[in-house]
Student: 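My questions all concern the structure below.
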Amino acid sequence: MTRPELRIDETVFRRNLAVLRDRVEPSSLMLVVKDDAYGHGAGWAAETAVTAGVDWVGTYDIPTAVGLRDAIGSGPRLFAWATSADDEIAEALIAGVDLGVGSLAYLERVLAQSERVGARARIHLKIDTGLHRSGLSAGEWAHGLDRVLGHGGHANADLVGVWSHIAEASDEEDDAAHRRFLGAVDEAARAGASSPLTHLTASAATWARPELRGSLVRVGAFCYGIRSADGPELPGLAPIASLCARVEEVRDGEAVVGIGALDGIPSILAGRVDVGTPAGPRPLRAVELATVHVEAWPGAVPGDEVVLFGPGTRGESSATTLAESIDTVGEEILTRLASRVRRRHVS
Ligand SMILES: *Cc1c(COP(=O)(O)O)cnc(C)c1O
């Protein structure tokens, strides 16, 4: 029995980052590493990106950001936007983590913690531009700005950024969100903010809609070469990970491979996709708890390697192609992989 392996190619990751940095210039690239960098390893991803010149890392949660501070040093900025408990806020302020703030109640808690621990808060204030998930409403915006900029007291805080999140589903909706966003940025300038960073776009809009980019872009999926489900191919970007497992036995015209539902392979993939084998693509016939069954190929023997997804040339799918066959997204395939799947970083 060998453990299945997610083999992660650092060279391809660096190339993706270089392509993206080039494309978004003069905007800066923030690498998003939420969900353990979509299963690729947040520590590895952040450290690699920083040595490649990326100076913003977005984690979503505060503990991940605080945990990365020592590894990446004090220079690069860390951004955490999950609404968090007071003790976590305090740790973030001490570690110099930039905070995304999407409600007035959370803003008050951040300001209170910055007073308490005596550390200046670096705040990115979020305006709701139509998704209604989080963000200050248009009616709350002036008050939020006033609190951060300290007019109503002396806030121990800086307005480092103005940001929002868009659906990236239709250009019309995104354009309307962008207009609301620009209005909020103007209002911040009139309230006395000194050129805060602006950030609105994630992978899809960053790639395809340059006019929506702010001075910063937040990109997760595309850095790892995960294209959007039903989205276009991405010239210059490639998946950085291959999911590999070995044949354990060959019987009844099937290769039984040592990876299964317990490792995070969705059982409804059976009968819907091909996997890469030494002889090219072969149908995935069944998904059991600890194994998958693949149509055997001439000469199949135990120890042969099968690639469930990856950028290779033996007919393997990408994570997104697998996902499309069951109406989900590549991120979900990657983030479901169990910890028993060894992550191996190669260059
Ligand atoms: C996940 C996330 C991103 C990155 O999204 P991708 O589509 O993976 O690039 C950016 N911003 C926010 C707020 C997110 O939650």
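Whatever order the structure lists them in is the order used to number ligands and atoms, beginning at 1. Heads up: numbering here begins at 1 and tracks the sequence.
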Student: Should the pair Trp81 and Tyr60 be assigned to parallel (<30°), tilted (30 to 60°) or perpendicular (>60°) ring geometry?
Tutor: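 Answer is perpendicular, since the angle exceeds 60°.
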
Student: Will you find, in the side chains of Thr59 and Thr64, an N or O donor that is under 3.5 Å from an N or O acceptor?
Tutor: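 Side-chain D/A pair, Thr59 to Thr64: absent.
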
Student: Please could you name the atoms of ligand 1 that Gly220 approaches to less than 4.0 Å, counting only its heavy atoms?
Tutor: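 Per the distance check, 4 (C), 6 (P), 8 (O), 9 (O).
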
Student: Any idea which atoms of ligand 1 are less than 4.0 Å away from a heavy-atom of Tyr38?
Tutor: 1 (C), 4 (C), 5 (O), 6 (P), 8 (O)

Student: Apply side-chain hydrogen bond (donor to acceptor under 3.5 Å, both in side chains) to the pair Thr51 and Arg14, showing each step before the final yes or no.
Tutor: CA-CA 9 Å; Thr51 64; Arg14 287 176 182 275; 3.0 Å; yes

Student: Which bit of Phe222 gets closer than 4.0 Å to ligand 1, counting heavy atoms only: side chain, backbone, both or neither?
Tutor: neither

Student: As an exercise, identify every atom of ligand 1 less than 4.0 angstrom from a heavy atom of Trp81.
Tutor: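 Every atom of ligand 1 under 4.0 Å from some heavy atom of Trp81: 12 (C), 13 (C), 14 (C), 15 (O).
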
Student: I need the nearest protein heavy-atom contact for atom 6 (P) of ligand 1: residue, atom name and distance, please.
Tutor: Ser203 OG, 3.5 Å

Student: Checking side-chain contact (heavy atoms from CB on, under 4.5 Å) between Leu308 and each of Val294, Val273, Val275, which is the one that passes?
Tutor: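 Single side-chain contact (heavy atoms from CB on, under 4.5 Å) partner of Leu308 among Val294, Val273, Val275: Val275.
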
Student: Considering heavy atoms of the protein only, find what lies nearest to atom 14 (C) of ligand 1 and give residue, atom and distance to 0.1 Å.
Tutor: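 Going by distance alone, atom 14 (C) of ligand 1 is nearest to Lys34 NZ, 3.1 Å.
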
Student: Quick check on the 6.0 Å ring-centre criterion: do His199 and Phe79 meet it?
Tutor: yes

Student: Distance to 0.1 Å, residue and atom name: give those for the protein heavy atom nearest to atom 12 (C) of ligand 1.
Tutor: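 For atom 12 (C) of ligand 1, the nearest protein heavy atom is His165 CE1, 3.5 Å.
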
Student: Would the Trp163 and His124 ring centres measure less than 6.0 Å apart?
Tutor: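 Trp163 vs His124: aromatic centres not under 6.0 Å.
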
Student: Which residue is it: Val97, Leu78, Val32? I am looking for the one with a side-chain contact (heavy atoms from CB on, under 4.5 Å) to Val57.
Tutor: Leu78

Student: Taking 4.0 Å as the limit for heavy-atom contacts, which would you say applies to Arg218 with ligand 1: side chain only, backbone only, both, or neither?
Tutor: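 Under 4.0 Å from ligand 1, Arg218 contributes backbone and side-chain atoms.
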
Student: Should you measure from each heavy atom of Ala221, which atoms of ligand 1 turn up under 4.0 Å away?
Tutor: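 Near Ala221, the atoms of ligand 1 are 6 (P), 8 (O), 9 (O).
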
Student: For Thr206 and Ser203, which I'm curious about, is there any donor-acceptor pair between the side chains at under 3.5 Å?
Tutor: no

Student: What is the closest protein heavy atom to atom 5 (O) of ligand 1, and at what distance does it sit?
Tutor: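 Closest protein heavy atom to atom 5 (O) of ligand 1: Ala202 CB, 3.4 Å.
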
Student: Taking only heavy atoms of Val219 into account, list the atoms of ligand 1 that are under 4.0 Å away from them.
Tutor: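 Here the atoms of ligand 1 in question are 9 (O).
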
